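Here is the structure we will look at.
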Amino acid sequence: MRRSIATVSLSGSLPDKLTAIAAAGFDGVEIFDSDLVTGRMSPEEVRSRAADLGLSIDLYQPFRDFEAVPPPVLERNLRRAEHKFAVMQRLGATCMLVCSSVSPDSVDDDALAAEQLHTLAERAAQHGIRIAYEALAWGRHVNDYLHAWRIVRAADHPNLGLCLDSFHILARDTDPYAIETIPAEKIFFLQLADAPALPMDVLYWSRHYRCFPGQGDLDVAGLVGHVLRAGYDGPLSLEVFNDIFRQAAAMRTAQDAMRSLVALEEEVGQRLAPESRPASLAKAPPAVVPSGFAFAELAAPDTGPLGDLLTALGFARTGVHTSKPVELWEQNEARILLNTGSPESQDGPVLGAIGLESPDPAASVERAEALLAPVLPRTRAPEDVPLDAVAAPDGTELFFCRTGRPDHPSWTDDFRRDPGEAGTGEITHIDHVALAQPWHHFDEASLFYRSVLGLQPHESLELPDPYGLMRSRAVSTEDGRVRIALNVAYVGARDGAPDAAWQHVALASTDIVATVRRLQAAGAARLAIPDNYYDDLEARYDLGTERHRLLRELGLLYDRDEHGEFLHFYTATTGRVFFEVVQRLGGYRGYGAPNAPVRLAAQHAERDGRRRGTRSRPS
Ligand SMILES: O=C(O)c1ccc(O)c(O)c1
Ligand SMILES: [Mg+2]
């Protein structure tokens, strides 16, 4: 299908927007009136720039507050329309969006609206222009697509049809099924946007929180299915008003938008019966769902402090890479790489890469490429095992691995083995990793993990931090073998200090009490949890005197859900990185989110203590 996007969805000047839209591979654009009016390019220049970039101008929009008005107002509105028709002719645009009126001048009279829209369509026809009438969800008298359709049908002009916009339809919970009753030739245009479920005024919601399909909670794919079943074969056009996208780099947002459309078309194709599925819907090779973590790679200036911490946790160094300054540390199936060759780690350790176990690494890469994930150049010596990686939106490298399987070379073969054995303590594997997301790429990240890796996004949470709010959303496989927590810190730069962009690796322990005691014996610092937390825990849960005493004594945090219980603790932070140790009892599915505010407060206290030159008391 043809793919379009409205210029209002991106940041920057009109020429920059067009460049970004073409670079992302779109076929066409909707020119937003204010992008033209506020810019220096003449309509003719915009027309030729778009043509040079291979973009068609599919829509000019919006034209506001036209219909159902008293005669003098109608005259003014028609005059306004004639001016815009002239601009459209210079642009080479042949479809104009008219959104339902919000003006107090308009009256609740469908017959009058139909008559005046007929007049407008007749004038438009003289310029070879068609009018697509859109019901805004907050229109004064017309706010529902079926109402708009009744008016368009009554107006009965070949140059008048509908613009359907997924946001306006789904935001009002209107039943999209009836779209299938509208004749295809009357659906002039289809605009697509998603939005997170937020209980707020619909105009404010639309103007600030729209996002690309797959990034919110609306069933955009279901709606597109109805429109295609109606026989629509025009462009699928993204129209997103979003405060964050307005500030982010246009090139990147356009790519994110294209990924969203490819994933959307795939989902629509899967949900449509073969007879109503257009052949031109994008088909990508299927997502290859990862089956576990192969490793987490920490870049550090030196291995000393992290090596000591890993030893205290029960890991042992088992090998050194044959061609790079990278050490392999293992405990059962938990593997940590320490990379001392990375320039990113000037300020201390960072989590730079994650290895994911893939049933078919080559297929994982094909999927990633089809969804516009940046595939990273291989930087390996000729004798190294081939290992493919893509860059996640926050820059983390994701490697597709097959560890120790006979059917595929294993990345572990690139390590010269140490004489010692892997650690055999209570830590069995990586439970999850938590990655700090740049605030303006949060929606992009959840769509990336969902579409590229087939992970399922969970609820988006807002967690209080002493200096702001942390937004957090987990993505995971169905079986929980891969869990990634995406955190965005809206923590202000206090006193010029950088954001609290902490990242962590959570290790699963089968006996967290033994792991704590192991750390205590080694004298390794843990994050100190305040006594008040334990008083509150006793108020919230009755776990028995002995258990409460043990949690307090060992500095363990506790949570539970309907499936089971969760025990966890955190190490002190080095650089941007810390470890969490977790024990899931029963089928607990969460991440201990209710305890995150306690952790964040404790980490700020620890960091402030370090800055003042005093060390916070290790527990
Ligand atoms: O928010 C608006 O005014 C507006 C304008 C044009 C559209 O197509 C739309 O969906 C919303
Ligand atoms: Mg719209």
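The shown structure was predicted, so the numbers you read here are calculated from the model rather than taken from an experiment. Just follow the structure's listing: the first ligand is 1, and inside any ligand the first atom is 1.
- A centroid separation of less than 6.0 Å is found between the aromatic rings of Phe167 and Trp205.
- Numbered from 1 in the order shown, with element, the atoms of ligand 1 that lie under 4.0 Å from a heavy atom of Arg207 read 1 (O), 2 (C), 3 (O).
- Interface atoms of ligand 1 facing Leu136, defined by a heavy-atom separation under 4.0 Å, are 4 (C), 9 (C), 11 (C).
- For ligand 1, the atoms closer than 4.0 angstrom to any heavy atom of Glu134 are 6 (C), 7 (C), 8 (O), 9 (C), 10 (O).
- Closest to atom 4 (C) of ligand 1 among all protein heavy atoms lies Phe241 CZ, 3.7 Å.
- Among all heavy-atom pairs drawn from Leu398 and Phe448, the shortest one is CD1-CE2, 3.8 Å.
- Between Trp138 and ligand 1, no N or O atom pair is found at a separation short of 3.5 Å.
- The shortest N/O to N/O separation between Ser206 and ligand 1 does not fall below 3.5 Å.
- The two residues Ser280 and Glu265 make their nearest non-hydrogen contact at O-OE1, 3.9 Å.
- Atom numbering of ligand 1 starts at 1 in the shown order; those under 4.0 Å from a heavy atom of Gln191 are 8 (O).
- At a heavy-atom cutoff of 4.0 Å, ligand 1 is contacted by no atom of Glu30, backbone or side chain.
- Note: Tyr60 and Phe32 fail the aromatic proximity criterion, with ring centroids not under 6.0 Å apart.
- Vertex the Mg ion (ligand 2); arms to Glu239 OE1 and Asp165 OD2; angle rounded to 10 degrees, 80°.
- Glu239 OE2, 2.6 Å is the protein heavy atom nearest to atom 8 (O) of ligand 1.
- A salt bridge is absent between Glu45 and Arg90: the closest approach of a Lys/Arg side-chain nitrogen to an acidic carboxylate oxygen does not fall below 4.0 angstrom.
- Not a single donor-acceptor pair under 3.5 Å links the side chain of Asn487 to the backbone N or O of Ser472.
- Distance check, rounded to the nearest 0.5 Å: OG of Ser101 to CG of Asp108 gives 11.5 Å.
- For Asp233, the CG atom counts as loosely surrounded, since its 6.0 Å shell holds 12 or fewer non-hydrogen atoms of other residues, nucleotides or ligands.
- The side chain of Leu97, and not its backbone, has at least one atom closer than 4.0 Å to an atom of ligand 1 (non-hydrogen atoms only; side chain from C-beta on).
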Residues His168, Tyr145; criterion ring pair (Phe, Tyr, Trp, His ring centres under 6.0 Å); working and verdict: CA-CA 8 Å; His168 297 300; Tyr145 77 94; over 10 Å; no
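- Of all N, O or S atoms in Glu134, the one lying closest to the Mg ion (ligand 2) is OE2.
- Distances below 4.0 Å separate heavy atoms of His168 from the following atoms of ligand 1: 9 (C), 10 (O), 11 (C).
- The nearest heavy-atom contact from the protein to atom 6 (C) of ligand 1 is Gln61 OE1, 3.1 Å.
- Using a 4.5 Å heavy-atom cutoff, the side chains of Glu478 and Gln456 are in contact.
- Note on Gln61: not counted as a metal contact of the Mg ion (ligand 2), no N/O/S atom lying under 2.8 Å.
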